[in-house]
Amino acid sequence: MKKYINASFPHLLHGGDYNPDQWQDRPDILAEDMRLMQLANCNAMSVGIFAWAALEPEEGKYDFSFMDKAMDDIYKAGGRVVLATPSGARPAWLSMKYPEVLRTNADGSRNTHGMRHNHCFTSPVYREKVANINRRIAERYKDHPALLVWHISNEYGGRCYCENCKNAFREWLKNKYKTLDALNHAWWTAFWAHTYTDWSQIDPPMDHGEKYTNGLDLDWRRFVSYQTTDFMKNEIAAVREFTPNIPVTTNMMGFYHGLDYRVLAKELDVIANDIYPTWRGTDADIHTAMLTAYTHDLCRTMKHQPFMLMECTPSHVNWHDYNKLKRPGAHELSALQTIAHGGDTVQYFQFRKSRGAGEQFHGAVVDHEGSENTRVFKEVSALGARMKQLDAIVGTKTETRVAILHDWSNKWALDSAQGFQNKNKKLDSVQHRFYEPFWKRGINVDVICPEDDFTKYDLVIAPMLYSVSNAQGEKLAAYVAEGGTLVCTYATAMVDDTTLAHLGGWPGAGLRKVFGIWNEEIDTLYPEDHNTVATDMGNFKAVDYCELIHAEGAAVLGTYQSDFYAGRPAVTVNSYGKGKAYYLAFRDTGDFTDAMMAKLMGELHIVSDFDGELPHGVSAHSRTDGKSVFVFLQNFNNASVCVKTAEKWQTVEKNTPVTGDISLAPFETVILKKAK
């Protein structure tokens, strides 16, 4: 595991997006920013993210003066630079001279200049121009002592439907399927006479064209991830020519479903994420905290090492319907939650508010008033001071015995399936429902993909794993056979990785024998409908989905109580090899999931690193350096709570002994340590 983001600076990074290119006519403000940066206890600034027009105001004419000064000034002030490539927003001269770089929409219209993230990833011209400006930046700053990390572009996303992209898609399909016969079979194109007889006949799915061939839709989404990654690799190659040892990252957006982030992650040295939860200062924050933790766990698990929080807000955003301020204390709480779940940075959009344009009222460390005399600035400064005391935690790992499987291809295949609940199959909320029992008990969880190593986990949970290839089925079967515990739900292994239905009974891909059941039908309930499932843990409400399964060797743990399938199995467990496979044939409202996961935690002896019982709204997640364990005890309640512990702890910051009752004020975090 990579210990530090950059070993030359073994500290937590604290800072944010800094835009000196917007203030070139105000040297007084630029000088003041360095004073404020130090007062805010910021040590890392992201520079140049949307600065292309300033760096290259005319084609082939460059001006690096503002960036030279920023790099020098930040370093003199004790900081480091996360240096960006500026491809996320083109200069106007490029759009006007080379219109092919403008993205084409699904209806065939081409974008005009403006906005951001709207370029064609396939355009040879755009790739050449981006590589050129990236090389110029990298060559100029390759030896600058402030350079810490490369920030490649910004929040990649979107699709282009130009002829270049269509042709690239066809070439990608040729490479994957080799022959049209293979493609036609995989997509089942004989349906509605959609058989292709020439590669040139294949277009991406569009509203005014083909949109009901599920295999086409899935492969188009995969291609978009591939092509975006290929564009990113072109960017990375340009900077690595001059800085082969500087780590590279790009800022992702959590569970954004426009790209398969696992594909991008393979090309990065460290994962970075942007996240803007809606903190309300009410009891709803407890649920928000759980969702945020789940996203952090995804980012940590992508490379199984500490990640970067590249963007958050210290106060509010400007793009929600209601842009409520973070309540006092909420920012420190949410920032330290990032570190608790494996983050080694807390960075903001933005350091100083932009004076005009679209994000002039987005939260920032420095407000338009321009001084350190604001509530937000003081909270950021206090957080930075606290982060300086946490060097012992930098680069430490998160140990887990539980994993939840999230597969972007499965999400896409499930969403495009014409069946069940067509508007929203709610995979995300079901994953959250399985995550919550562990989060509220202080148990670390990884969010894995099908390519990960399952054998390191005692428990793997795969909700609604609708699309499963034969190879993936074999991997899951081997995991259980070797002693793992697998939990799957309704809608498991109904189609393969091209969305062809598995034949021979569901779950397919060889999993029918693993679970010891056969899923004959799935009943989609109306919102006002429900059933009841009786188990030895009590009776539980069934909503949305009820599968009609047959036990074929599996032990029945719960049965339906009403409708024509009353008495049939709803929950089963099957012994397979050395392990067990649980099948949950219905969707519950959360209480059954909580009880079932608690039961498995007991059977598998999965416990938190914190010994005390956690009150509602209090989390306790941990990191370790192998010698000590560090627990972040966090109160997401708007009221004080008391947590009891029988073990002897010390606080990380002051080495104060702690045992017995621990009092937590609203939004307070206490960081504890003990010998592992």
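Small disclaimer: the values here were computed from a predicted structure and weren't measured.
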Study note, to complete from the structure: Rounded to the nearest 0.5 Å, the CD atom of Gln337 sits from the OG atom of Ser619 at a distance of 6.0 Å
Review point. Would you say the side-chain atoms of Gln305 pair up with the backbone N or O of Asp269, donor to acceptor, closer than 3.5 Å?
Key: yes
Exercise for review: Just do the salt bridge (charged side-chain N to carboxylate O under 4.0 Å, His left out) check on Lys644 and Glu613 with the steps written out, would you?
Suggested key: CA-CA 7 Å; Lys644 297 181 181 296; Glu613 185 174 339; over 6 Å; no
Point to revise | Any side-chain donor near an acceptor of the partner, Asn323 and Asn318, under 3.5 Å | key: no
Check your understanding: Looking at Trp23, is Arg352 sitting on its ring face, NZ or CZ under 6.0 Å from the six-membered ring centre and within 45 degrees of the normal?
Key -> yes
Review point. Looking at the rings of Trp649 and Phe610, which for Trp means the six-membered one, are their centres under 6.0 Å apart?
Key: yes
Exercise for review: Taking ring-ring contact (aromatic ring centres under 6.0 Å, His included) as the test, write out the residues that go with Tyr294, two or more places apart.
Suggested key: Phe255, His432, Tyr435
Point to revise | Nearest atoms (heavy-atom pairs only) where Gln347 meets Met310 | key: CB-O, 3.3 Å
Check your understanding: Do any pairs count as a ring-ring contact (aromatic ring centres under 6.0 Å, His included) and have a residue in residues 379-404, sequence neighbours left out, and if so which ones?
Key -> none
Check your understanding: Are the side chain of Asn638 and the backbone of Gly281 linked by a donor-acceptor contact shorter than 3.5 Å?
Key -> yes
**Study point:** Contact summary for Arg300 and Asp297, nearest pair of heavy atoms
**Key:** NH1-OD1, 2.6 Å
Review point. Would you say Asp344's side chain and Ile5's backbone share a donor-acceptor pair under 3.5 angstrom?
Key: no
Practice item. Ignoring hydrogens and angles, tell me if any N or O in the side chain of Glu668 forms a donor-acceptor pair with the backbone of Ala665 under 3.5 Å. Key: yes
Revision key, fill the gap. Partner of Lys673 under side chain to side chain donor-acceptor pair (under 3.5 Å), picked from Asp625, Asn655, Thr624, is Asn655
